[in-house]
2 protein chains.
Amino acid sequence: MDTKHIISTEDRHNLLTGRIFMHVSRFLGQQFKANDIGLTREQWTILVVLWKQDGVSQQTIADETGRDKPSTTRLIDNLEKDGYISRQPDAKDRRLNIIVLTEKGKALEDKIMPVANKTLETLTHGLTEAQLLTVKEVFATIYENIDAHK
Amino acid sequence: MDTKHIISTEDRHNLLTGRIFMHVSRFLGQQFKANDIGLTREQWTILVVLWKQDGVSQQTIADETGRDKPSTTRLIDNLEKDGYISRQPDAKDRRLNIIVLTEKGKALEDKIMPVANKTLETLTHGLTEAQLLTVKEVFATIYENIDAHK
DNA sequence: TAATTATAGTTGTTTATGCAACTACAAAAT
DNA sequence: ATTTTGTAGTTGCATAAACAACTATAATTA
């Protein structure tokens, strides 16, 4: 037995099939629901961008959340329909939609973020900073590997 | 500055929003497509279970891949429609569908797995065994944290 | 300035997920 | 033996993602 290879090919596959993400995603959605938050996990990621910096283009949101444009368009459709944001034409570049939080959208931050943070704590309970740092490094390397392949 | 906290809350959020998984998933799908593999990443995860152990119930596949039953039903619908697998009634328990690979499904393994393994190598290029082991441990802890919360 | 190229956003289509509600069958309890 | 409870699988509905094809506008270049 080759003790150098403590990670099997199967392990590697498991890391990449997204199982963990599916579970985390489901769990976060359930926590939202249990706290009467009528937002999907995906919609929340859009609002996080806007809470950090209000008034950015859809393309910026797409880049920040790692989505393509069509997916972003539709998430924004739904958020606008539910009254959390509004699209406003950019004064200088008529191609751009500037996405702006409504009062309802702004107010939501204080309701959701405690739930998100608590969920985050639950999920990372028992993990060390060193472990999380390694995960961060690993993810960064994977991003680089993908980019290098384009 | 508190040097103990090298991982910010924002970092933690990034780890959990699934961005990395979206990118990995997209990349794997693109590699499949580039190699003329007419399977989705999700369908592939089902076949991986069957290549390891042919003739299991849908529930087993659901458990192994971390999906709920409806999702599994529909993935199996599509795989059956495309002729990779077939549903067979269990002799002893008439509730069960036993999922069996067709010849076409069996033959696919030799075509896909080299592509999947190569993609895996590309993605994990430059990562050490120790780093991957840590990721494995972190994921295991997160699973435990989710289970403990039910 | 006119033509070309690039960018921002939308729409159509296919596939997948989550949850709830349902049917069919099996196992356990009474 | 009958009722109750649990398990396997399906269907309906809403949301989301990937990709391709499209429109509108801006920037480049010839």
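Model, not experiment: these values are computed from the prediction. Chain identifiers are assigned alphabetically (A, B, ...) following the order of the sequence lines, protein sequences preceding nucleic acid strands; residue numbering begins at 1 within each chain.
- Nucleotide D/dT7 holds its P atom 17 Å from the CD1 atom of B/Ile98, rounded to whole Å.
- Put simply, CZ on A/Phe32 is 15 Å from P on C/dG18, counting in whole angstrom units.
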In B/S/- notation (B base, S sugar-phosphate only, - none; protein heavy atoms under 4.0 Å), nucleotides 12-22 of chain D written 5' to 3' is BB-SSBBBB--

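- Here A/Ser57 does not reach the OP1 or OP2 of C/dA8: none of its side-chain N or O atoms lies under 4.0 Å away.
- Taking side-chain N and O atoms only, A/Thr73 has a distance below 4.0 Å to OP1 or OP2 of C/dT10.
- Note that CD1 of B/Ile46 is 4.5 Å distant from CG of B/Leu75, once rounded to the nearest 0.5 Å.
- Taking a cutoff of 4.0 Å between a charged side-chain nitrogen and a carboxylate oxygen, B/Glu10 and A/Lys52 qualify as a salt bridge.
- Residues A/Arg95 and A/Asp93 are paired through a salt bridge, judged by an N-O separation under 4.0 Å between the basic side chain and the carboxylate.
- DNA chain C contains the following stems of three or more consecutive Watson-Crick or G-U pairs, with both distances under 3.5 Å: C:1-30 with D:1-30.
- Counting to the nearest Å, the P atom of D/dT25 and the CG atom of A/Asp93 are 10 Å from each other.
- Spacing between atom CG of A/Leu96 and atom C1' of D/dT23 amounts to 15 Å, rounded to whole angstrom units.
- Put simply, CG on B/Leu79 is 11 Å from P on C/dT15, counting in whole angstrom units.
- For B/Gln58, no side-chain nitrogen or oxygen approaches OP1 or OP2 of D/dT7 to under 4.0 Å.
- One can place NZ of A/Lys69 at 9 Å from P of C/dT7, the figure rounded to the nearest angstrom.
- For the pair A/Arg95 CZ and D/dT28 C1', the interatomic distance rounds to 12 Å; values are reported in whole Å.
- Separating the CZ atom of B/Arg94 from the P atom of C/dT23 is a distance of 18 Å, rounded to the nearest angstrom.
- With salt bridges taken as basic N to acidic carboxylate O contacts below 4.0 Å, one links A/Arg12 and B/Glu129.
- Pairs passing the side-chain hydrogen bond (donor to acceptor under 3.5 Å, both in side chains) check and including a residue from residues 133-143 of chain A, sequence neighbours excluded, read A/Lys136-B/Asp11.
- A donor-acceptor pair shorter than 3.5 Å cannot be found between the side chains of A/Thr45 and B/Arg19.
- Using a cutoff of 4.0 Å between basic side-chain nitrogens and carboxylate oxygens, A/Glu121 and A/Lys118 are not scored as salt-bridged.
- In this structure a side-chain-to-backbone donor-acceptor pair under 3.5 Å is present from A/Glu80 to A/Arg87.
- In summary, the side chains of B/Arg41 and B/Ser25 do present a donor paired with an acceptor at a separation below 3.5 Å, with no hydrogens or angles considered.
- Side-chain proximity of B/Gln59 to the nucleotides C/dT11, D/dT25, D/dG9 is greatest for D/dG9.
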